[in-house]
Protein chains: 2
Amino acid sequence: MRNKVENKADQIYELLKQNDFKVTPQRKVILNLFFDKIGEHLSAEEVYNLLQENHPEIGLATVYRTLELYAELDVLQKMSFDDSKNRYELNNNDIHHHHHLICTGCGKVSEFSDDLLEALEEQITTKTKFKIMDHKVKFYGKCESCYNK
Amino acid sequence: MRNKVENKADQIYELLKQNDFKVTPQRKVILNLFFDKIGEHLSAEEVYNLLQENHPEIGLATVYRTLELYAELDVLQKMSFDDSKNRYELNNNDIHHHHHLICTGCGKVSEFSDDLLEALEEQITTKTKFKIMDHKVKFYGKCESCYNK
DNA sequence: ACCTCTGCTGATAACTAATATCGTTTAGTT
DNA sequence: AACTAAACGATATTAGTTATCAGCAGAGGT
Ligand SMILES: [Mn+2]
Ligand SMILES: [Mn+2]
Ligand SMILES: [Zn+2]
Ligand SMILES: [Zn+2]
């Protein structure tokens with residue numbers, strides 16, 4: 001009996017094959033890193049630095065290429081919190097993406113799971129000809145500790 | 001009797017003064033450019049190029065500085081449509097920002113005025129300690145013409 | 001009207017995230 | 001085992017932005 005992460009990883013290896021991409025050691029290692037870092041929003045350089053410990057042979061260009069590939073396949077969600085670099089996290093494609101709450105005081109990013117955009121998306125569908133396939137929602141404000149000072 | 005744009009511009013000049021910033025010719029020219037380009041989402045370089053015709057003396061660094069300043073003062077809204085450059089448009093601070101609909105086929109950006117995030121913001125306020133002050137919402141999908149082919 | 005002083009400006013160097021290039025290696029196939 | 005297109009690591013290059021700095025200018029004081 002396989003555990004959940006292995007099963008999920010295998011599904012993604014299958015997805016790679018289905019799209020005529022090779023399942024390379026580098027792609028496996030990087031994917032597994034994201035399984036280990038659920039909840040974090042990692043930049044390419046952060047991924048590269050984390051890899052230094054156990055996989056210093058993996059090059060930075062490969063990290064960039066792999067993150068981009070996984071984002072394309074919707075395995076990773078690509079995002080930016082206005083610090084001029086892209087960040088990635090595992091895309092729990094159980095229903096919709098969560099929303100991000102960004103503290104303008106300390107920069108901390110927290111999350112909110114409920115989607116609750118149905119009403120808005122329905123309005124857009126009714127009033128425009130645009131076919132919505134995805135969305136990104138960011139809220140800016142103050143986290144509890146920044147608000148109380 | 002002054003017209004609407006002049007009045008609005010004067011208000012923003014006042015805002016600059018209130019915050020101890022000088023009202024310079026460059027800042028006036030760049031602000032007025034945005035009054036002329038309502039509905040567009042201009043990058044720094046696009047602003048710089050538009051200025052070449054009538055104000056080639058204004059340097060690119062000044063454009064960057066001015067856009068950043070106005071964004072700080074909430075005169076301009078700063079945004080990015082994932083083309084790795086920041087874009088700006090006049091912030092109609094009548095109520096909330098509009099939302100952006102980004103076509104993943106042709107890259108065209110359209111807009112949707114109604115805010116309709118009350119329900120979602122209320123949920124976040126109820127369930128978390130986060131104090132929401134602003135939001136950015138982007139929808140990805142297909143515009144009418146990209147959808148029909 | 002002139003001085004002063006500080007903020008602002010333009011030119012350009014420096015920085016940084018990301019991408020392109022290229023010779024070598026390797027996964028998947030025969 | 002051999003083959004080949006895809007992927008790789010190292011590194012050069014690009015592109016958007018920011019930092020630096022000497023000169024300018026405009027508001028306030030005299
Ligand atoms: Mn997240
Ligand atoms: Mn807009
Ligand atoms: Zn905070
Ligand atoms: Zn389109």
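Both backbone and side-chain heavy atoms feed into the values below; hydrogens, waters and symmetry mates do not. This one's a predicted model, so the numbers in the text were calculated from it and none came from an experiment.
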Worksheet item: Got Leu101(B) and Ile132(A) here, is their nearest side-chain heavy-atom distance under 4.5 Å?
Response: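 No, their side chains stay 4.5 Å or more apart.
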Starting at [atom1] of [X] and ending at [atom2] of [N], how long is that distance when rounded to a whole Å?
{"X": "Glu46(B)", "N": "dA15(D)", "atom1": "CD", "atom2": "P", "answer": "15 Å"}
{"X": "Leu31(A)", "N": "dA7(D)", "atom1": "CG", "atom2": "P", "answer": "16 Å"}
{"X": "His55(A)", "N": "dC8(D)", "atom1": "NE2", "atom2": "P", "answer": "14 Å"}
{"X": "Tyr13(A)", "N": "dA27(C)", "atom1": "OH", "atom2": "C1'", "answer": "15 Å"}
{"X": "Glu45(B)", "N": "dA15(D)", "atom1": "CD", "atom2": "P", "answer": "10 Å"}
{"X": "Gln26(A)", "N": "dA10(D)", "atom1": "CD", "atom2": "P", "answer": "11 Å"}
{"X": "Tyr48(B)", "N": "dT17(D)", "atom1": "OH", "atom2": "P", "answer": "15 Å"}
{"X": "Leu60(B)", "N": "dT18(D)", "atom1": "CG", "atom2": "P", "answer": "11 Å"}

Worksheet entry | Trace of the side chain to side chain donor-acceptor pair (under 3.5 Å) decision for Asp115(B) with His135(B) | CA-CA 10 Å; Asp115(B) 199 54; His135(B) 59 243; 3.1 Å; yes
Fill in: Position toward the 5' end of DNA chain C (nearest nucleotide), Ile58(B) or Ala61(A)
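So the residue in question is Ile58(B).
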Worksheet item: Given that Asp83(A) and Arg65(A) both sit by DNA chain C, which one's nearest nucleotide is further toward the 5' end?
Response: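 In this pair, the answer is Asp83(A).
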Phosphate OP1/OP2 of [N] contacted by [X] side-chain N/O (<4.0 Å):
{"X": "Asn86(B)", "N": "dT17(D)", "result": "yes"}
{"X": "Thr24(B)", "N": "dT9(C)", "result": "yes"}
{"X": "Tyr64(A)", "N": "dA18(C)", "result": "yes"}

At 4.0 Å (heavy atoms only), tell me whether [X] reaches a base, stays on the sugar-phosphate, or touches nothing.
{"X": "Pro25(A)", "result": "sugar-phosphate"}
{"X": "Ser43(B)", "result": "nothing"}
{"X": "Glu68(A)", "result": "nothing"}
{"X": "Arg27(B)", "result": "sugar-phosphate"}
{"X": "Lys85(B)", "result": "sugar-phosphate"}

Salt bridge or not for [X] and [Y], using N-O below 4.0 Å?
{"X": "Glu68(A)", "Y": "Arg65(A)", "answer": "no"}
{"X": "Lys78(A)", "Y": "Asp82(B)", "answer": "no"}
{"X": "Glu144(A)", "Y": "Lys131(B)", "answer": "no"}

Worksheet item: Considering only dT17(D), dC8(C), dA7(D), which nucleotide approaches the side chain of Phe21(A) most closely?
Response: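 Looking only at heavy atoms from C-beta outward on Phe21(A), the closest nucleotide is dA7(D).
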